[in-house]
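Shown next, in structure tokens, is the structure this report addresses.
Being a predicted model, the structure only gives us computed values, none of them experimental.
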Amino acid sequence: MPSLLRTEAVDRAELIKVAHTRVELDLTRADDSDTFTSRTTIRFESAVDDADTFCDFAGQGLTSATLNGVALAADDWADRRISLTGLRRGSNELIVDGVMAYSTDGEGLHRHTDPADGHTYLYAMSFLDAAPRWFACFDQPDLKSPYEFTVATPTDWVVRGNGP
């Protein structure tokens, strides 16, 4: 995976402004599954008509991606990036569905089963480049937006967040 270059970050920040990001996680797969599904809907503005950029996505598999209602090709995803071409000046909407891997290294969506109580514990870490490991995003500090999360879990789980 190529690292985000400063020039790419500057160009992308001049081109787009992210208005809203909705992340829907389905964590209801069997306890022995190493994966979960993630759907991200990103509404963003483009300063230029017919522009190109990319979205960061580090899933195990890309199920589907649509830009402004048009399906993107599977080969638009490579090296943790989804190519976005033909942006509209003004409002755009990107929807990305993917299969993601739980992490065990403390970044992304970390999953651990405690041997003492047998319960499964998860926490999310989005520091540096870890966010694309659990949802699609424009992963750079100057392209933030309000986030909305929906999390489907087994019925006996408790879900907590550190914000409103």
Side-chain angles (χ1 to χ4, degrees), residues 1-9 12-13 16 18-44 53-67 71-84 93-164:
M1 166 203 102
S3 295
L4 178 66
L5 300 175
R6 184 176 193 284
T7 54
E8 292 173 317
R12 191 163 63 168
I16 66 170
V18 185
H20 187 264
T21 304
R22 178 181 170 86
V23 179
E24 300 169 74
L25 303 176
D26 186 347
L27 312 178
T28 60
R29 290 184 175 195
D31 282 342
D32 61 349
S33 178
D34 292 332
T35 62
F36 60 97
T37 59
S38 174
R39 170 175 246 200
T40 307
T41 303
I42 307 171
R43 291 193 326 263
F44 63 98
T53 191
F54 62 92
C55 175
D56 303 286
F57 176 77
Q60 267 199 340
L62 178 64
T63 306
S64 68
T66 60
L67 177 62
L72 301 177
D75 61 355
D76 287 334
W77 174 48
D79 294 325
R80 295 178 50 136
R81 295 179 176 187
I82 300 172
S83 295
L84 306 176
E93 181 179 73
L94 174 66
I95 301 173
V96 178
D97 287 292
V99 176
M100 315 304 276
Y102 288 109
S103 76
T104 56
D105 64 2
E107 295 183 2
L109 188 56
H110 178 91
R111 180 184 172 148
H112 173 74
T113 301
D114 188 332
D117 65 13
H119 291 213
T120 299
Y121 296 90
L122 286 85
Y123 68 85
M125 172 62 88
S126 297
F127 184 69
L128 294 176
D129 65 348
R133 292 172 61 179
W134 59 292
F135 63 92
C137 59
F138 297 109
D139 194 25
Q140 63 188 72
D142 52 353
L143 290 178
K144 299 302 180 199
S145 75
Y147 283 81
E148 178 183 347
F149 286 90
T150 301
V151 183
T153 67
T155 57
D156 60 332
W157 284 20
V158 174
V159 178
R160 297 210 166 116
N162 65 350

Does R12 make a cation-pi contact with F54, if we ask for NZ or CZ under 6.0 Å from the ring centre and within 45° of the axis?
yes
Side chains of T40 and L94 in contact at under 4.5 Å (non-hydrogen atoms):
no
Between R80 and D139, does any NZ, NE, NH1 or NH2 come within less than 4.0 Å of an OD or OE carboxylate oxygen?
no
Kindly write out the residues that satisfy side-chain contact (heavy atoms from CB on, under 4.5 Å) with A124, not counting sequence neighbours, or none if the list is empty.
L109, W134
Would you compute the distance between atom OH of Y123 and atom NE2 of H112 and round it to the nearest 0.5 angstrom?
10.0 Å
Considering residues at least two apart in sequence or located in another chain, which fulfil the ring pair (Phe, Tyr, Trp, His ring centres under 6.0 Å) criterion with F57?
W77
What pair of heavy atoms forms the shortest contact from Q140 to A9, and how long is it?
NE2-O, 2.9 Å
Using the side-chain contact (heavy atoms from CB on, under 4.5 Å) rule, take L4 and R81 through it: C-alpha gap first, then chi angles, then the decisive distance, then the call.
CA-CA 10 Å; L4 178 66; R81 295 179 176 187; 4.3 Å; yes
In short, D129 meets P132 closest at the heavy-atom pair O-CD, 3.3 Å
Nearest heavy-atom approach of L25 to S38 is CD2-OG, 3.7 Å
For C55 against I42, the heavy-atom pair lying closest together:
SG-CD1, 4.2 Å
So, taking the atom named OG1 in T37 and the one named CD in Q60, what distance separates them when rounded to the nearest 0.5 Å?
12.5 Å
Nearest-0.5 Å distance that lies between atom OG in S3 and atom CG in D79:
11.0 Å
Calculate, to the nearest 0.5 Å, the distance between atoms CZ and CG belonging to R39 and D97 respectively.
4.0 Å
In this structure, CD of E107 is separated from CZ of R133 (nearest 0.5 Å) by 6.0 Å
Residues T113 and G118: closest non-hydrogen pair is CG2-O, 3.7 Å
Any side-chain heavy atom of F44 within less than 4.5 Å of one from S145?
no
Residues D76 and S83: side-chain donor-acceptor under 3.5 angstrom
no
Closest approach of P146 and A19, non-hydrogen atoms and distance?
CD-O, 3.2 Å
How long is the gap from NZ on K144 to CZ on F138, to the nearest 0.5 Å?
12.0 Å
